[in-house]
Amino acid sequence: MELTILHLYPEFMSLYGEYANLAVLRRHLEALGVTVSLQAAAAGEAPDFAGADMIYMGAGTERAARAAMEDFSRFGAGVRAAAEAGAVMLFAGTAMDLIGESVKEADGSTYQGLGLASFLVEHGKRRIVGDVYGRTDLYPEAVVGFMNKCSTTRGIATPLFASLPLGFGNEAEHGPEGYVSGDVFATHLTGPVLVKNPDFLDLVTRRLFA
């Protein structure tokens, strides 16, 4: 069995050791006998979204995320088609901001997101930094991670994590966090999130096998 993983913008979106999400996933899959083709897609290139079994983007600074979005905006139709075809997707950290409808920055300027989801992101002057502990309806174990963001995210009806006993959610302290729709996962948790959460890693693996 061979699986292709597309890693978007590693030159922009690689804070907090986010490459380790793919390193641990690849090792996990190879231990299960899977041949993994890991393809990095930099700005200006033309990645094959239709041929990807998984699409991944990690965290970057707010400035880096906007730079990535200038290129990523070309691929709305391709990414949406890949999601409809069943590709597994994970957007971690500020990459989550880019798949919504729009991002309003602290200076009042706004740029459009990819439109894969309908939520709205607004950056403020308050930076939210700290460890996170939460729960999800997708598996019984607790969720842990780290968060460093200055945003609130509104309009998410299907959060990835149901509640955060410790930490700031999409728009409130202790509230739900992240986004999930089918096999599309997004969260502001970094750390990296798949390394810190083996049950989340197993969930992604099961979805890839499915």
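Keep in mind the model is a prediction, meaning the values are calculated, not measured.
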TODO: Taking all heavy atoms of Leu116 and all of Val79, pick out the closest pair and write down the distance.
DONE: CD2-CG1, 4.1 Å
- [ ] Assign the ring pair Phe185 / Phe200 to parallel, tilted or perpendicular, where the plane angle (0 to 90°) is split at 30° and 60°.
- [x] perpendicular
Open item on the list: Would you compute the distance between atom CZ of Arg80 and atom CZ of Phe49 and round it to the nearest 0.5 angstrom?
Closed with: 11.5 Å
- [ ] Indicate if Leu25 and Leu203 have the same hydrophobic cluster label, given that clusters are the connected sets of ILVMFWY residues with side-chain heavy-atom separations under 4.5 angstrom.
- [x] yes
TODO: Using atom types as modelled and distance alone, determine if a side-chain donor or acceptor of Glu18 lies under 3.5 Å from a backbone N or O of Thr190.
DONE: no
Open item on the list: Please list all pairs meeting salt bridge (charged side-chain N to carboxylate O under 4.0 Å, His left out) that have one or both residues in residues 177-197, counting only residues at least two apart or in different chains.
Closed with: Asp183-Arg207
- [ ] Quick one: sort the Phe72 and Phe91 rings into parallel, tilted or perpendicular, breaks at 30° and 60°.
- [x] tilted
Task: N/O donor-acceptor pair under 3.5 Å between Asp107 side chain and Ser109 backbone - done: yes
Task: side-chain contact (heavy atoms from CB on, under 4.5 Å) partners for Val132, two or more places apart - done: Met147, Leu164, Leu189
- [ ] Examine distances only and state if a side-chain atom of Ser163 and a backbone atom of Pro176 form a donor-acceptor pair shorter than 3.5 Å.
- [x] no
Task: Residue pair Asp202 / His28, side-chain donor-acceptor N/O under 3.5 Å - done: yes
Task: Atom pair CG (Asp97) and NZ (Lys149), whose distance is rounded to the nearest 0.5 Å - done: 8.0 Å
- [ ] Take Arg127 and Asn148 through the test side chain to side chain donor-acceptor pair (under 3.5 Å) and record every step on the way to the result.
- [x] CA-CA 7 Å; Arg127 183 158 291 278; Asn148 183 350; 2.8 Å; yes
- [ ] For Ser102, check side-chain contact (heavy atoms from CB on, under 4.5 Å) against everything at least two apart and list the hits.
- [x] Thr110, Gln112, Leu120
Task: Single-linkage hydrophobic cluster Leu160~Tyr16, side-chain heavy atoms < 4.5 angstrom - done: no
- [ ] Please collect all salt bridge (charged side-chain N to carboxylate O under 4.0 Å, His left out) contacts where either partner lies in residues 28-41, sequence neighbours excluded, each pair once.
- [x] Arg26-Glu30
Task: Heavy-atom closest contact (Ala42 atom, Asp71 atom, distance) - done: O-OD2, 4.5 Å
Open item on the list: I'd like to know whether Glu70 forms a side chain to side chain contact (heavy atoms under 4.5 Å, CB included) with Tyr111, so could you lay out the CA-CA distance, the side-chain angles of the two residues, the decisive distance to 0.1 Å, and finally the verdict.
Closed with: CA-CA 9 Å; Glu70 291 178 2; Tyr111 64 92; over 6 Å; no
TODO: Quick one: closest heavy-atom pair of Leu90 and Met54, and the distance?
DONE: CB-CE, 3.9 Å
Open item on the list: Salt bridge or not between Arg135 and Glu141? Use side-chain N to carboxylate O under 4.0 Å.
Closed with: no
TODO: List for me each residue that meets salt bridge (charged side-chain N to carboxylate O under 4.0 Å, His left out) alongside Asp48, sequence neighbours excluded, and say none if there are none.
DONE: none
Task: Any Asp53 side-chain heavy atom under 4.5 Å of Ile5 side chain - done: no
Open item on the list: I'd like to know if the side chain of Thr94 and the backbone of Gly60 have a donor-acceptor N/O pair within less than 3.5 Å.
Closed with: yes
Task: Residues which pass side-chain contact (heavy atoms from CB on, under 4.5 Å) with Ser37, listed by chain and number, not counting sequence neighbours - done: Glu2, Thr4, Gln39
Open item on the list: Check the orientation of Tyr56 and His7. Use parallel for under 30°, tilted for 30 to 60°, and perpendicular for over 60°.
Closed with: tilted
- [ ] Indicate the atoms forming the closest heavy-atom contact of Gly93 with Ala59, along with that distance.
- [x] CA-CB, 3.7 Å
